[in-house]
Amino acid sequence: MITVDEALSACLALTRPLEAETVPLSEAAGRVLADPVFAKRDQPPFAASAMDGYALRDIEAIPGRRLRVVGEAPAGRAWSGRIGPGEALRIFTGAPVPEGADRIVIQEDVTVNGDTITLGKTLDGGLHLRPSGADFRAGARIEAPRRLSPADIALAAAMNAPTLSVTRRPEVAMIATGDELVSPGEDPGPDQIIASNTYGLKALIEAEGGHARLLPIARDNRESLETVFDLAKGADLIVTVGGASVGDHDLVGEVAAGLGLERAFYKIAMRPGKPLMAGRLGEGALLGLPGNPVSAMVCGHLFLVPMLRAFLGLPAGARRRRRARLMDDLDPNGPREHYMRAEVVPGADLPEITPFDRQDSSLLSIFSRANALLVRPVDDGKRRMGDIVDYLPLGPLIT
Ligand SMILES: Nc1nc2c(c(=O)[nH]1)N[C@H]1C(S)=C(S)[C@@H](COP(=O)(O)OP(=O)(O)OC[C@H]3O[C@@H](n4cnc5c(N)ncnc54)[C@H](O)[C@@H]3O)O[C@H]1N2
Ligand code: MOO
């Protein structure tokens, strides 16, 4: 059995950064930027007013001063003259500040009387001007690769980029295997259960920016598996679930080998997830996950997510572990790195972590309550309440 780190390196070696495609800006959120975005102009392109009020010369911003209003500039329409001594321009937020003016006095600090204004007794200290290029200059860049956040989309729009070059979504074909499985919504027989983990994995894949295709459930025989493998052709990554262990009906490895799988590894020193398998199949990669729902999901977080990031051209090493204070005693760990389902809450100095009592790899109800995986090294000794341990956050974290 190889270690978790060795298995991750082998998985990453099966990936390659995918090519770029051009998408409209409005569809680019969450995608991975493949080429930098360049600003085509300064923003703002002119010195702009930050407030509704009056543009004037700062040296004349004296309480009680009377000034003559010489014109008006709404946003989108500059006033072309120059502000001289004793003059002010009615101006609105976002409008170009006229030459000669270097301060905006907000309208709340002004009394209007026909064509003249009188400045109030107290004026706030702000100039309320946005110099041209204050946000960014022409030529400024959004660097790639980068997963595009809503803020990035707004910035790219402001830079006047109507389309963006993003990495193609990795195509993932997903095969659930087992005679006992039916799809959600179907009527299971008395000996059957509902296929669950492929749906959880699809959600994980799509949250990471991949595109997952759920293929029909493959039955526990060679013909059925071969038929469904055939449907998976063309995918960047084929993910199988189940049929990975040593039972008489665990045929995935055998069938994949018959189809030309170049196996990178099979079985890793990890709990849950021991019967993990990976290799190269045709042009794509294959990741064979164990069938137990929690094993499949934990392997999804540890191996599938980094593989997707590598396909997307993002940094894709092992996820950074965090530290927490253990809130329970733990027996010594065995020869497999253990990823225990746990709950992390904020603590005084460090977050506090409590593993769930029941750790069986079939318990999705526990997994859905967990917000962390407590990581126990191979052959870790007994641990006491108060010890500091490593964990990986699952989803949004409350620290
Ligand atoms: N003699 C041994 N038996 C087992 C070993 C072992 O080393 N020696 N390893 C155990 C471990 S650890 C795991 S994990 C499982 C993995 O087995 P498989 O990958 O072959 O998975 P299956 O046998 O097909 O299924 C296991 C379990 O999960 C359920 N399952 C499968 N697919 C789905 C799905 N898509 N959605 C929901 N549930 C699913 C299936 O019904 C089984 O209950 O093997 C142990 N056995
Ligand atoms: O490795 Mo299995 O995944 O312990 O349940």
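Both counts, for ligands and for their atoms, begin at 1 and track the order of listing.
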- Taking heavy atoms and a distance under 4.0 Å, where does V246 meet ligand 1: side chain, backbone, both or neither? side chain
- Task: Just do the side-chain contact (heavy atoms from CB on, under 4.5 Å) check on Y199 and L214 with the steps written out, would you?
- Result: CA-CA 8 Å; Y199 291 83; L214 280 177; 3.5 Å; yes
- Task: Locate the shortest heavy-atom distance separating F46 from P96; write the atom from each residue and the value.
- Result: CD1-CA, 3.7 Å
- Query: Among V241, N292, I194, whose heavy atom sits nearest atom 26 (C) of ligand 1?
  - Reply: N292
- Could you tell me whether a side-chain N or O of T3 sits under 3.5 Å from a main-chain N or O of E6, the two making a donor and an acceptor? yes
Indicate every side-chain donor-acceptor pair of residues 285-299 with a distance under 3.5 Å to a residue at least two apart or in another chain.
residue, atom, partner, partner atom, Å
N292, ND2, S361, OG, 3.2
S295, OG, S361, OG, 3.4

- Heavy-atom contacts with L181 under 4.0 Å: which atoms of ligand 1 show up? List them by number with element. 32 (N), 33 (C), 34 (C), 35 (N), 39 (C)
- Item | Inter-residue atom distance T122.OG1 - D109.CG, 0.5 Å rounding | 6.0 Å
- So which heavy atom on I104 is nearest to which on S49, and how close? CG1-OG, 3.6 Å
- Task: Using a strict cut-off of 4.0 Å, indicate which atoms of ligand 1 neighbour a heavy atom of G243.
- Result: 18 (P), 19 (O), 20 (O), 21 (O), 22 (P), 24 (O)
- Task: Run through I117, I106, I83, L89 and flag the one making a side-chain contact (heavy atoms from CB on, under 4.5 Å) with Y54.
- Result: I117
- Would you call E19 and R168 a salt bridge, using N to O less than 4.0 angstrom? yes
- Message: Rounded at 0.5 Å granularity, tell me how far CG in D35 sits from CG in L33.
- Response: 7.0 Å
- Work out which heavy atom in R130 is nearest to a heavy atom in T93; give both atom names and the distance. NH1-CG2, 4.4 Å
- Per atom 31 (C) of ligand 1, closest listed option by heavy atom (A296, G200, G291): G291
Enumerate, one pair per line, all nitrogen or oxygen atoms of ligand 2 lying under 3.5 Å from a protein nitrogen or oxygen, stating the separation to 0.1 Å; write 'none' if no such pair exists.
residue, atom, partner, partner atom, Å
ligand 2, 1 (O), G273, N, 2.6
ligand 2, 1 (O), K274, N, 2.9
ligand 2, 1 (O), R336, NH2, 3.0
ligand 2, 3 (O), G273, N, 2.6
ligand 2, 3 (O), S295, OG, 2.5
ligand 2, 4 (O), R336, NH2, 3.2
ligand 2, 5 (O), N292, ND2, 3.3
ligand 2, 5 (O), S295, OG, 3.1
ligand 2, 5 (O), S361, OG, 2.5

- Query: Which atoms of ligand 1 sit under 4.0 Å from any heavy atom of A244?
  - Reply: 18 (P), 19 (O), 20 (O)
- Message: I need the nearest protein heavy-atom contact for atom 42 (C) of ligand 1: residue, atom name and distance, please.
- Response: E180 OE2, 4.1 Å
- What atoms in ligand 1 come closer than 4.0 Å to a heavy atom of K274? 6 (C), 7 (O)
- Note on the structure: The remaining residues in the hydrophobic cluster of M327, counting side-chain heavy-atom contacts under 4.5 Å among Ile, Leu, Val, Met, Phe, Trp and Tyr, are M385
- Message: Tell me the nearest of S245, G242, P184 to atom 10 (C) of ligand 1, using heavy-atom distances.
- Response: S245
- Item | ligand 1 atoms in contact with A195 (distance to a heavy atom under 4.0 Å) | 36 (N)
- Has ligand 1 got any nitrogen or oxygen that is less than 3.5 angstrom from a nitrogen or oxygen of T198? no
Would you mind writing out the side-chain donor-acceptor pairs for residues 258-283 within the sub-3.5 Å range, not counting sequence neighbours?
residue, atom, partner, partner atom, Å
Y266, OH, A244, O, 2.4
R280, NH2, A13, O, 3.3

- Hey, is S196 touching ligand 1 through its side chain, its backbone, both or neither, going by heavy atoms under 4.0 Å? both
- Message: With a cutoff of 4.0 Å, is S361 in contact with ligand 1, counting heavy atoms of the residue only?
- Response: no
- Item | Donor + acceptor pair across side chains of S149, D152 (<3.5 Å) | yes
- of all protein heavy atoms, closest to atom 34 (C) of ligand 1 is N197 OD1, 3.1 Å
- Item | N/O separation below 3.5 Å, I193 to ligand 1 | no
- Check whether any side-chain N or O of S224 sits under 3.5 Å from a backbone N or O of N221 as a donor-acceptor pair, and report yes or no. no
- Which segment of D250 sits under 4.0 Å of ligand 1 when only heavy atoms are counted: side chain
